[in-house]
There are 2 protein chains.
Amino acid sequence: MLKMKKKISERTIERLSIYRRYLKEIQAQGKSRVYSHELAKVVSGTAAQVRRDLMEVGCNGCSSKGYEVESLIIEIGDLLDCSEVENVALVGVGNLGRAVLGFFSGKKENFDIVAAFDSNPDKCGRIICGRRCYHMDDLQEVFQKNRISTAILAVPVEEAEKVAKTLVEAGVRAILNFAPTHLTVNNDVFIHTLDMTMELEKTIFFSRQNLNLKEG
Amino acid sequence: MLKMKKKISERTIERLSIYRRYLKEIQAQGKSRVYSHELAKVVSGTAAQVRRDLMEVGCNGCSSKGYEVESLIIEIGDLLDCSEVENVALVGVGNLGRAVLGFFSGKKENFDIVAAFDSNPDKCGRIICGRRCYHMDDLQEVFQKNRISTAILAVPVEEAEKVAKTLVEAGVRAILNFAPTHLTVNNDVFIHTLDMTMELEKTIFFSRQNLNLKEG
DNA sequence: TTTTGGTTGTTAATTTTTTCACGTTGTGCA
DNA sequence: TGCACAACGTGAAAAAATTAACAACCAAAA
Ligand SMILES: NC(=O)c1ccc[n+]([C@@H]2O[C@H](COP(=O)([O-])OP(=O)(O)OC[C@H]3O[C@@H](n4cnc5c(N)ncnc54)[C@H](O)[C@@H]3O)[C@@H](O)[C@H]2O)c1
Ligand SMILES: NC(=O)c1ccc[n+]([C@@H]2O[C@H](COP(=O)([O-])OP(=O)(O)OC[C@H]3O[C@@H](n4cnc5c(N)ncnc54)[C@H](O)[C@@H]3O)[C@@H](O)[C@H]2O)c1
């Protein structure tokens, strides 16, 4: 019988990813151990919260020496990463898509953007940031050949819903969506919409909020 | 005496921004009324949650007719927006910065990117996406002249901390940070770090998680 | 007019998340 | 060795967020 995995909250996953980024950073600087309160600073949280998060990955910290950086990286990886490198596709090679492609492709060890897609014939067939850009017609085939199950969606908002449907039909299991719209798709596909306008509006709001708190 | 504003959670602010985006969308389509359960779908939430969020803006829905789209847009705006258009600066006009500049500048009614900055002399003095790109040396002056209190930070990660310090010195009150690093600055500056790698790792993680839930 | 059906505003209950608190443990030093 | 210190792991408490529940209300149909 498969052991029942307790489900881990989205918030914890976010923080684990950030811990790992920081851990790799300090590892490169030669640090081999880290305390919970150091990790706490990176996520603007508390040491207790960090310890609790790390319990999820099966903690093995050591009193008064803290956590071992290297094994923590491995353990977080065991939880977050797939056994093999995850192949990701980028759909929509416009201004944002190109930036994202350049930023990610070939840079990460746990995932990689292996193919790009666009409906504009001028962009298809070319190599962009070291990755081939295919026409949308080839999507299904390339997805299957490369076992792609995650896509980054960066097409115009009017096209997003339609393209998402295509992706689902091609067997995608998760979409990181940059188009500012809610995508309604099959239930078991995980959609994460990253709405930059919302993020900026929030930032602006809290810039004033902070001010009010100071004054009030 | 100023009335004590109850503080509103970050989550609620996020959703209000998304409700508004959707409201404007359906307003353009000619809809004049909306129900809480329609808004709920857009944020993948429940109707109760929507009604609760809307209480924060002073709700004035009507039984069995729902909410009036137009007045809801205005009321959310009263809460989220400043009295005048908020002037925002973009710092770091690279691949991502250019995409962001093109996406936002001149497109929004409640805020606008009015100036860009870069340390690369080749980019300074030019007009990029309709906005002037200044040298970093002019930052303080341009910030004061344009009453800029919010900045989007899109410089390389190694530069982020240093540039953030410059921004704080220039009087910025909030930073939307795209560099994947924790910025430690003065306490009363609101920092919101948007870590795309984390967002993608989360997406990949939950793509597998969904699968497990199905199987388990 | 009265009933029916569906929605809002709001309080109460529940669930989730965070924080606290403290016993335990490893380290370093006298 | 023994003591002081600081950090960990974790159950319990607290806080925050979400969901449920329901009276009041409105519109439309009977
Ligand atoms: N640029 C930004 O900084 C930014 C910020 C926030 C959100 N977004 C969102 O991200 C998305 C992309 O933004 P952008 O600035 O890169 O836009 P863009 O217009 O520069 O790029 C869109 C790309 O999608 C391609 N495309 C159009 N229809 C397609 C289809 N049906 N199938 C496949 N490809 C198609 C186009 O050929 C183009 O290359 C938009 O939804 C936008 O709202 C962008
Ligand atoms: N491109 C992406 O899609 C993407 C995704 C996630 C995160 N990021 C992050 O966003 C940031 C920008 O990414 P990018 O791809 O646009 O990088 P980029 O190298 O294309 O652009 C960086 C820009 O910053 C400028 N710059 C460098 N030092 C500066 C300084 N001290 N002051 C002012 N300007 C300076 C450079 O001249 C350049 O124009 C990076 O921190 C990156 O990690 C980018």
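Naming convention: chains lettered A, B, ... in sequence-line order (proteins, then strands); numbering from 1 in each chain. Treat the numbers as computed from the prediction; the structure is a model and nothing was measured. What you see below is based on every heavy atom in this structure, not just the backbone, and it leaves out hydrogens, waters and symmetry mates.
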Legend entry - Whole-Å gap separating P (D:dA7) and OH (A:Y67): 12 Å

Legend entry - Residues in salt bridge (charged side-chain N to carboxylate O under 4.0 Å, His left out) contact with A:E159, at least two apart in sequence or another chain: A:K162

Legend entry - Modelled atom types, side-chain donor and acceptor of B:E70 and B:S32, under 3.5 Å: no

Inset, instruction - Could you tell me whether the side chains of B:E201 and A:S17 share a donor-acceptor contact shorter than 3.5 Å? - result: yes

Legend entry - Aromatic centroids of A:F111 and A:F104 separated by under 6.0 Å: yes

Inset, instruction - Go through DNA chain C in 5' to 3' direction and return only the first and the last nucleotide with some atom under 4.0 Å of chain B's heavy atoms. - result: C:dG6 to C:dA12

Legend entry - Pair B:Y67 + B:Y19: ring centers closer than 6.0 Å: no

Inset, instruction - Identify the two heavy atoms, one from B:V172 and one from B:S149, that lie closest to each other, and give their separation to 0.1 Å. - result: CG2-O, 3.4 Å

Legend entry - Atom pair CD1/NZ of B:I113 and B:K108 - distance to nearest 0.5 Å: 10.5 Å

Legend entry - Sugar-phosphate or base contact per nucleotide [nucleotides 15-20 of chain D; S, B, -; heavy atom under 4.0 Å]: --SBBB

Inset, instruction - Under the salt bridge (charged side-chain N to carboxylate O under 4.0 Å, His left out) rule, collect the residues that match up with A:R21, sequence neighbours excluded. - result: B:D195

Inset, instruction - Could you pull out the closest heavy-atom pair between B:L80 and A:R208, with the gap in Å? - result: O-NH2, 2.7 Å

Legend entry - Letter per nucleotide, 5' to 3', of nucleotides 25-30 of chain D [B base touched, S only sugar-phosphate touched, - untouched; heavy atoms, 4.0 Å]: BBS---

Review item, side-chain donor-acceptor pairs of residues 38-52 of chain A, under 3.5 Å, at least two apart:
{"unit_1": "A:E38", "atom_1": "OE1", "unit_2": "A:Y35", "atom_2": "N", "d": "2.7"}
{"unit_1": "A:E38", "atom_1": "OE2", "unit_2": "A:K31", "atom_2": "NZ", "d": "2.7"}
{"unit_1": "A:T46", "atom_1": "OG1", "unit_2": "A:Q49", "atom_2": "N", "d": "3.2"}

